[in-house]
Amino acid sequence: MKKRSLSYLYVPLKLNEKERNELKMTYKELADLIFPNVKDIKYYEEKYPERNLPEGAVVTRFAPSPTGFVHIGGLYQSLVAKTIANKTKGVFFLRVEDTDQKREVENGITDIVNSLKTFDMAPDEGMISDTEEIGDYGPYKQSLRKDIYQSYAKYMIEMGKAYPCFCTPEEGEELRKKQEAAKVRTGYYGVWAKCRNYSIDEMVEKIKNGEEYVIRFKSPGREDRKIKHKDVIKGNVDFPENDQDIVIIKSDGLPTYHFAHAVDDHLMRTTHVIRSDEWLSSVPLHLQLFQELGFKAPKYAHISPIMKNDNGNKRKLSKRKDPEAAVSYYEEMGVPDLAIKEYLLNIANSSFENWRRQNKDAKIEDFDFSLNKMSVSGALFDMVKLLDVSKIVISKFSAEEVYEKALKWAKTHDEELTKLLEDKEYSLKIFNIERGNQKPRKDIAKWSDVKDSIIYMYDDKFLNANIEYPYQVINNKEDINKILDLYIEKYYNEEDDKQTWFDKIKELAGEMGYAKEVKEFKQNPEMYKAHVGDVSTVLRVALTGRTNTPDMYEIMQVLGKDSIIKRFQKARI
RNA sequence: GGCCCCUUGGUCAAGCGGUUAAGACAUCGCCCUUUCACGGCGGAGACAUGGGUUCGAUUCCCGUAGGGGUCACCA
């Protein structure tokens, strides 16, 4: 590939130096006419110096536009950006891209800030509320940076690298149609860039006549030349050079994304631009902008979006169509934020899973995350897998943590659960069943599962409920009543340890003529009506109304004798 | 349509010229003093396709097909 020349002069090269200076002067006059009251870019260059950071430190950012809820993809980007910044002792900042007033949404910024906060991903710098920010490289809200963009736009005009364009949107539309009809590339470029060729005098005149205009970048690119770009994630990508004279300042005086990106990420000294891969095809433009502005270009890492399977088609998770695209969706379901982060990390670096298995109790911050190990193609979002990760995450919480988190969730989402949890001491006993040992129970995947998994443990709920007892093998009234009566009268003792308790159920089974061992029953099925397991099931069903529960010994310990007796009475009728 | 990217089991994915092609989730079976969950063991299941290059291609090159992205005074 041919190396690109480093500078482009837009004044005819045949002119002598004096003439050239005169022409430059006129560019200056044009620039002064358009932006009379902005500072020289030197001011900003000095105000926002290179950051003083350790070797290898990476500066990243999350730069959303405040257009409503936070997308899971945005969270994903932030997680990656923050992780890599923290790992290198760099900086992660939040910049709000609100240059499109039409799309503004109320509380947009607050939503973003709060979301990051709940995920324990607050930025080191940038917006921390709707109006407040921290850090020395602000403002971090683009609408407050209008003067800055205009300074740089003015500089571009002075250099002959940008010009006012007087084409109306309608003319733009016409141009596009013409190009489509002629089957050529659409856009404002080359011979189609009408306003590019006006003389300075003509431009000045139009402006003085009050014609509306935007500022366009005068692209030095040629479509027939290729540029090479090495993306941190995607690897080598070749593109044709950009030759579009894109708008850099809109008629409302605010910049377009592209220009704001170049100016901001330069001034904020971003080293790595981590963003969604929908931007990949803008890289030639962005690189050119950095070049023409005289900025050092950042490294780019384009993240593949999270996809969804839609009737056999893969597509990006959509804000509009997919509720699961919003991070609030998971909050409402009660998926712990740690689970979501682990799941996303899983997608980001598949080695995370192995690491997690080997470092069960480590903090996710200790995982050696690597940007360039990220996948180049988009992953299908897998709710089942998320919930599996979540189950494991929750299984590692202490009963106290489960209690606190479930309660917090319940307070905003489930009144009945909130009431159940009022008795903290009792609730903790329940959450402690089969928890904290080597093989903790993994039956809660989200806080919305909690109520169903504990409700039968509360007497005032259970004893007053209308319950259908799902008895299994032993299902006749007589035998059931006999088992329940005998168990209470003869066998049950609150003081028993687990083995004794276990043996006593065997005794009971024996007394009733059932097999005391399941194996024995299986060997001689014709000798017995049922086995000890079936007897257990009767007790379990009478006690809980369910066939599937955690360890029955522990359940009995938590319920206590009074409750057990009451439950058996209710069951025998 | 132009340009760009991608394609390993149902899903997420290791792999970087020679492997019995890892692992996880899901699924199926067995085991784990009585359920369920957990755990253990095992099964089934993949390199889109056609050409090259090579002694040898999942791996490199080209084409085809499929998927995705992008072509705004939106970001």
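So you know, we letter chains A, B, ... as the sequences are listed, proteins then strands, and number each from 1. Side chains included, hydrogens not; waters and symmetry mates left out as well; all remaining heavy atoms used.
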Practice problem: Give one of base, sugar-phosphate or nothing for A:T186, where a contact means two heavy atoms less than 4.0 Å apart. | Solution: sugar-phosphate
Quiz item: Does A:R185 make a side-chain donor-acceptor contact with the base of B:C3, cut-off 3.5 Å?
Solution: no
Self-check item: Closest listed nucleotide, where the reference is the side chain of A:F239 and the choices are B:A75, B:C4, B:U33
Solution: B:C4
Quiz item: Which part of the nucleic acid, if any, lies within contact of A:E97, taking any heavy atom under 4.0 Å across all strands shown: a base, the sugar-phosphate backbone alone, or nothing?
Solution: sugar-phosphate
Quiz prompt | Interatomic distance where CZ belongs to A:F352 and P belongs to B:A22 [whole Å] | solution = 24 Å
Practice problem: For B:U70, give its Watson-Crick or G-U wobble partner with both distances under 3.5 Å, or none. | Solution: B:G2
Practice problem: Mind checking A:S350 for me? I need base, sugar-phosphate or nothing, with any heavy atom below 4.0 Å counting as a touch. | Solution: sugar-phosphate
Exercise. Indicate, with a heavy-atom threshold strictly under 4.0 Å, whether A:S536 touches base, sugar-phosphate, or nothing.
Key: base
Quiz item: Considering only heavy atoms and no angle criterion, is a donor-acceptor pair shorter than 3.5 Å present between the side chain of A:R103 and the base of B:C74?
Solution: yes
Practice problem: Check every strand shown and say whether A:K442 touches a base, only sugar-phosphate, or nothing at a heavy-atom separation below 4.0 Å. | Solution: sugar-phosphate
Exercise. Assess A:K319 against A:F69: is NZ or CZ under 6.0 Å from the centre of the six-membered ring, and within 45 degrees of the ring's axis?
Key: yes
Quiz prompt | Touch class at under 4.0 angstrom, heavy-atom based, for A:P169 against every strand present | solution = base
Quiz prompt | Side chain A:S251 and base B:C73 donor-acceptor under 3.5 Å | solution = yes
Quiz item: Given A:H261, which of A:Y300, A:W279, A:Y149 fulfils the ring pair (Phe, Tyr, Trp, His ring centres under 6.0 Å) condition?
Solution: A:Y300
Quiz item: Expressed in whole Å, how much space separates the P atoms belonging to B:U59 and B:G17?
Solution: 11 Å
Practice problem: Scan A:R357 against the nucleic acid and name what it touches under 4.0 Å (heavy atoms): base, sugar-phosphate only, or nothing. | Solution: sugar-phosphate
Quiz prompt | Ring centroid separation A:Y456 to A:F462 under 6.0 Å | solution = no
Quiz item: Taking the C1' atom of each, how far is B:U20 from B:A46, in whole Å?
Solution: 15 Å
Self-check item: Watson-Crick or G-U wobble mate for B:C47, both contacts under 3.5 Å
Solution: none
Self-check item: Residue-phosphate contact under 4.0 Å: A:K226 side-chain N/O, B:C4 OP1/OP2
Solution: yes
Quiz item: For atom C1', what is the distance between B:G42 and B:C32, given to the nearest Å?
Solution: 15 Å
Exercise. By nearest nucleotide on RNA chain B, pick out whichever of A:E517 and A:N346 is the more 5' one.
Key: A:N346
Exercise. Determine which nucleotide pairs with B:C41, using a 3.5 Å limit on both distances of a Watson-Crick or G-U wobble pair.
Key: B:G29
Practice problem: Rounded to whole angstrom, note down the P distance from B:G66 over to B:G50. | Solution: 16 Å
Quiz prompt | Nearest-angstrom distance from the residue atom CD of A:Q179 to C1' of B:A72 | solution = 13 Å
Quiz item: If you look at every strand shown and take non-hydrogen atoms under 4.0 Å, does A:P64 touch a base, only sugar-phosphate, or nothing?
Solution: nothing
Exercise. Flag the pair A:F290 / A:H229 as yes when their ring centroid distance falls below 6.0 Å, and as no otherwise.
Key: no
Quiz prompt | Nearest-Å distance once atom P is located in both B:G40 and B:A24 | solution = 9 Å
Quiz item: Would one find a side-chain N or O of A:K314 under 4.0 angstrom from OP1 or OP2 of B:C6?
Solution: no
Quiz item: Would you say A:S375 reaches B:A13's phosphate, i.e. side-chain N/O to OP1/OP2 under 4.0 Å?
Solution: yes
Practice problem: Can you tell me the pairing partner of B:U59 across any strand shown, Watson-Crick or G-U wobble, with both distances under 3.5 angstrom? | Solution: none
Quiz item: Ignoring hydrogens and geometry, is there a side-chain-to-backbone donor-acceptor pair from A:R95 to A:G126 under 3.5 Å?
Solution: no
Quiz item: Atom CG of A:D310 and atom C1' of B:G66: how far apart are they, to the nearest Å?
Solution: 17 Å
Practice problem: Counting heavy atoms from C-beta on, name the nucleotide in B:U70, B:C74, B:A24 closest to the side chain of A:E353. | Solution: B:A24
Self-check item: Ring centre gap for A:F381 and A:Y343 strictly below 6.0 Å
Solution: yes
Self-check item: Opposite nucleotide pairing with B:U53, Watson-Crick or G-U, both atom distances under 3.5 Å
Solution: none
Practice problem: Assign A:W355 to base, sugar-phosphate, or nothing according to its heavy-atom contacts below 4.0 angstrom with the strands shown. | Solution: nothing
Exercise. For nucleotides B:C16 and B:G10, find the distance between their P atoms and express it as a whole number of Å.
Key: 23 Å
Exercise. Return no unless some side-chain N or O of A:T99 is found under 4.0 Å from OP1 or OP2 of B:A75.
Key: yes
Exercise. Could you check whether A:K391 gets within reach of a base, just the sugar-phosphate, or nothing at all, counting any heavy atom under 4.0 Å?
Key: sugar-phosphate
Quiz prompt | Centroid-centroid under 6.0 Å between A:F166 and A:Y213 rings | solution = yes
Quiz item: Between A:G378 and A:Q142, which has a closest nucleotide on RNA chain B that is more 5'?
Solution: A:G378
Quiz item: In the structure shown, which nucleotide is the Watson-Crick or G-U wobble counterpart of B:A75, with both distances under 3.5 Å?
Solution: none
Quiz item: Hey, is the side chain of A:K250 poking within less than 4.0 Å of OP1 or OP2 on B:A75, counting only N and O atoms?
Solution: yes
Quiz item: With a 4.0 Å cut-off on heavy atoms, is A:D238 in touch with a base, just the backbone sugar-phosphate, or nothing at all?
Solution: sugar-phosphate
Practice problem: Scan A:V384 against the nucleic acid and name what it touches under 4.0 Å (heavy atoms): base, sugar-phosphate only, or nothing. | Solution: sugar-phosphate
Quiz item: What integer number of Å spans the P atoms of B:A57 and B:G15?
Solution: 22 Å
Exercise. Answer with base, sugar-phosphate or nothing: what part of the nucleic acid does A:Q472 contact at a heavy-atom distance below 4.0 Å?
Key: nothing
Quiz prompt | Minimum-distance nucleotide to A:K385 side chain [options: B:C4, B:A75, B:C25] | solution = B:C25
Quiz prompt | B:G9 and B:A72, which share atom name C1', separated by this distance in whole Å | solution = 42 Å
Self-check item: d(NZ, A:K439; C1', B:G39) in whole Å
Solution: 4 Å
Self-check item: Nearest heavy-atom neighbours spanning A:I246 and A:H258
Solution: CD1-CB, 4.0 Å
Exercise. Please state how far atom CD in A:Q244 lies from atom P in B:U70, giving the value in whole angstrom units.
Key: 16 Å
